[in-house]
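Sequence lines set the chain letters: A, B, ... in the order given, protein chains first and strands last, and positions in each chain run from 1. Source: prediction; values computed, not measured.
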Amino acid sequence: MTSAPAKAAPAPTPRKPIQPGRIVMYALLVVAALFFLVPVYLLFATALKSPGAINLATTWHWPAALNWASFSEAWDKIGGNMLNSLFLAVVATLLSAVLGSLNGYALSKWKFRGANTLFALMLFGMFIPYQAVLIPLFQFIKSIGLYGSIWGLILAHVVYGIPITTLIFRNFYADVPDALVEAATIDGAGFWSIYRLVIFPISIPGFVVVIIWQFTQVWNEFLFAATLTNTTSQPVTYALSQLAGGQAVSWNLPMAGAILAALPTLLVYILLGRYFVRGLLAGSVKG
Amino acid sequence: MKGLSKDRLWSMAVLAPSIILIAVFVYGFIARSVYVSMTDWGNDPAQALALDPIIRWVGLANYQELFSGFLQGRFRQELINTVFFTIFFILGCLGLGLGLALILDRNPKGEGLWRTIFLFPMSLSFIVTGTIWRWMLQPKGGLNQVPTLFGAPPSTFGWLSSNDAILKFDWNKLPLLTAGVVGVVMIVMAVRAARSGDRTRMGVAAVCAAILFVWALLIGPNVKMLPAPELHGFNLALIGIIIAAVWQMSGYTMALYLAGLRGIPEELREAAKVDGAGDLGLYRHVIFPLLAPISLSAMIVLGHISLKIFDLVYAMAGPDNIATSVPALNMYLTSFRQNQFSLGAAIGTILLILVAFVIVPYLASQFKQEDGHA
């Protein structure tokens, strides 16, 4: 598991005269922060306008009267899809996490010949463009009668989530000393009791990382959402793209919809950012 | 050690479902897609959605159609779009991410807050990002209105609607250009191999370069993929999408670089300073070389994301904006809107090949290293 090694906070420095270098540094930080935050300002400024007040020439003005009704209107259009997404993301995430934990345990603590090759072959599945499997996937989901059902989407997300969840747990368990497992073996514990008594109790951080990562991925996904569902089961990403794609809609609605659709993952990120970053790094660097 | 074999069986049993699922859903479905791409399924609309369609084997005809068919100019422009998009997207993310990480590494006050600001777009969906930026880049609003805040006339750049392109070239020249570029890379590799004394590698690279150049001189100029010249270039409408993508993903490279910078031991920096290295020297000779492997993995991860990107384009420019389209989007439309499954499968396969070029060497090297340590 690679995580940003926490650096000890620098010792409080004695008060120094302000250096020009520090001023430049803060100026650069402010400019960069503007780049990231200006779209957010515009997002809220537009969402809170009433349709009549949206005018290209006054795009940047803060609304004179706040129109909170945009949110309830947007909820009417995509609220059902948000509940679809919630069900989809929770179920798919839990299933993925359990599978990933067991796989990671088996691959890191019960190494067998060819385990690494097998793992590499698995990991390839996390990088493929899903367009390369989309047509057979669509046919398969349809043939087992799950087309248009959220369960078909859950199946796709769980299967294609196996590589990343296995990767995160495998690297997480690699840091657990083998001596712990050996000691338990000598005490007569088998595969399952070692998992239950030794591995699972220390897995909480791993589960947090995986659950946050998988939840964000599934909530934000679009390709499967657009291909495998119909109107009753469409997740929020698809509904939002339809809401924003229509030309007749006034812009406060898609903007309010974007805020609603972003809220769950944004909250997760703000509350549990540390674990979010760990998942981010685990996806690219191996420990 | 008794009971070990039973436990091993359990570990296999636990892995078995995942192995089977991956074998079917990844490898089986890829094989099936490749097969579909070599048939004519969907080329005849009447057969596309038939319960029991008549499907004929056509070999590589779909690929030939994509690269040289009269109707598939859109796909060729999309390939070029993807290449330019990938280059500028990676450069943008690496540059901005490195810059932000270097600043944050100097311990500004409120570091956590800055980091949160730079990283939050990572938690958003490309659809949300696309919706926001589509509004930012409206022809008569958003960014184009910014100059009016300073009393200047509004800008008129057609962020997502521009039809202008730069760096145009004729598609017929593509084999020639490719041969030239690969040839130059081969020469560089040969020179580097010669320097490190690897004679076999030098020989192989030099021979490859020679073959490519001879081909480019004698045969290449006469190769014609299309009867008439077809110009493709870097569409300016892509710039806005690249900016939005960098907005979303540069926090990721920042996090990677910051983790790398925090991993450089303080003693190393001190030692360099004792040796008389200034700030610049410290970065050039100590820090940047240590960050090089991070740049490489970031390039690989961003590269494969960029090749697969399609939701951002869909949300920002819509599905029918040819100037900004990418193969990943075309695959979806061709297969699920026009029901031309075989053509769609061919595009998907081409995408897979592009991604595999990036990913397979990466995975192979990662696991070689690991085996070396074991």
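Chain B forms the most heavy-atom pairs under 4.5 Å with one residue out of Pro39(A), Ala261(A), Gly273(A), and that residue is Pro39(A). Residue with the most contacts toward chain B among Thr237(A), Ile186(A), Val40(A), Thr166(A): Thr237(A) (heavy-atom pairs, distance under 4.5 Å). Counting heavy-atom pairs under 4.5 Å between each of Ala33(A), Ala258(A), Gly125(A) and chain B puts Ala33(A) at the top. Put simply, of Leu118(A), Val236(A), Leu99(A), the one with the most heavy-atom pairs under 4.5 Å next to chain B is Leu118(A). Most heavy-atom pairs under 4.5 Å with chain A: of the set Leu100(B), Leu21(B), Leu307(B), this distinction falls to Leu21(B).
How far CD1 of Ile127(B) is from CG of Leu240(A): 7.0 Å, rounded to the nearest 0.5 Å. Interatomic distance, Ile194(A) CD1 to Trp10(B) CH2, rounded to the nearest 0.5 Å: 14.0 Å. With values rounded to the nearest 0.5 angstrom, Thr116(B) atom OG1 is found 11.5 Å from Phe276(A) atom CZ. The CZ atom of Phe126(B) sits 9.5 Å away from atom CG of Asn220(A), with the distance rounded to the nearest 0.5 Å. Note that CD1 of Ile22(B) and CG of Leu123(A) are 9.5 Å apart. Values are rounded to the nearest 0.5 Å. Expressed to the nearest 0.5 Å, how far CD1 of Ile270(A) lies from OG of Ser123(B) amounts to 7.5 Å.
The backbone N or O of Phe25(B) sits less than 3.5 Å from a side-chain atom of Tyr160(A), completing a donor-acceptor pair. A side-chain donor-acceptor contact under 3.5 Å links Ser33(B) to the backbone of Ala132(A). Within the 3.5 Å criterion, the main-chain N or O of Arg22(A) finds no donor-acceptor partner in the side chain of Arg106(B). With hydrogens and angles ignored, the 3.5 Å screen pairs a side-chain donor or acceptor of Tyr27(B) with a backbone N or O of Leu121(A). The backbone N or O of Phe36(A) sits less than 3.5 Å from a side-chain atom of Trp247(B), completing a donor-acceptor pair.
Residue Val24(A): no heavy atom, backbone or side chain, is found under 4.5 Å from chain B. In this structure, the portion of Ile54(A) lying under 4.5 Å from any heavy atom of chain B is its side chain and not its backbone. Using a 4.5 Å cut-off between heavy atoms, Ala226(A) touches chain B through backbone and side chain atoms alike. Contacts of Trp219(A) with chain B are absent, with no heavy-atom separation under 4.5 Å from either backbone or side chain. If you measure heavy-atom distances from Leu155(A) to chain B, the contacts under 4.5 Å come from the side chain alone. Within the 4.5 angstrom heavy-atom criterion, no atom of Tyr195(A) approaches chain B. Only the side chain of Leu43(A) comes within less than 4.5 Å of a heavy atom of chain B; its backbone N, CA, C and O stay farther away. Contact annotation for Thr129(B): neither backbone nor side-chain heavy atoms come within less than 4.5 Å of a heavy atom of chain A.
A tilted orientation is assigned to the rings of Tyr314(B) and Phe222(A), their planes being inclined by 30° to 60°. In this pair, Phe127(A) and His304(B) present their aromatic rings perpendicular. The plane angle is above 60°, beyond the 30 to 60° band.
Identified under the side-chain hydrogen bond (donor to acceptor under 3.5 Å, both in side chains) test for residues 252-267 of chain A, with sequence neighbours left out: Ser70(A)-Asn252(A), Ser250(A)-Asn252(A).
Nearest heavy-atom pair across Ile128(A) and Lys308(B) is O-NZ, 3.3 Å. When all heavy atoms of Trp41(B) and Gln139(A) are compared, the closest pair comes out as CH2-NE2, 3.3 Å. Residues Ala106(A) and Leu15(B) approach most closely at CB-CG, 3.9 Å, considering heavy atoms. Nearest heavy-atom pair, Leu363(B) versus Ala120(A), reported as atom, atom and distance to 0.1 Å: CD1-O, 3.9 Å. Leu137(A) approaches Phe29(B) most closely through the heavy-atom pair CA-CE2, 3.5 Å. Of all heavy-atom pairs spanning Lys111(A) and Arg8(B), the tightest one is O-NH1, 3.0 Å.
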Practice item. In sequence, state the C-alpha distance, the side-chain angles, and the governing distance for Leu96(B) and Phe35(A), and then conclude on side-chain contact (heavy atoms from CB on, under 4.5 Å). Key: CA-CA 11 Å; Leu96(B) 189 56; Phe35(A) 171 63; 3.9 Å; yes
Exercise for review: Start with the C-alpha gap between Thr46(A) and Trp135(B), add the side-chain angles, then the distance that decides, and say whether side chain to side chain donor-acceptor pair (under 3.5 Å) holds.
Suggested key: CA-CA 9 Å; Thr46(A) 312; Trp135(B) 178 232; 2.7 Å; yes
Practice item. Evaluate the criterion side-chain contact (heavy atoms from CB on, under 4.5 Å) for residue pair Ile132(B) and Leu42(A); output intermediate values, then yes/no. Key: CA-CA 8 Å; Ile132(B) 302 173; Leu42(A) 194 63; 6.0 Å; no
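Residues passing the side-chain contact (heavy atoms from CB on, under 4.5 Å) test with Leu223(A) are Tyr130(A), Gln131(A), Leu134(A), Glu221(A), Thr227(A), Phe310(B), Tyr332(B), sequence neighbours excluded.
Aromatic ring centres of Phe120(B) and Tyr269(A): separated by at least 6.0 Å.
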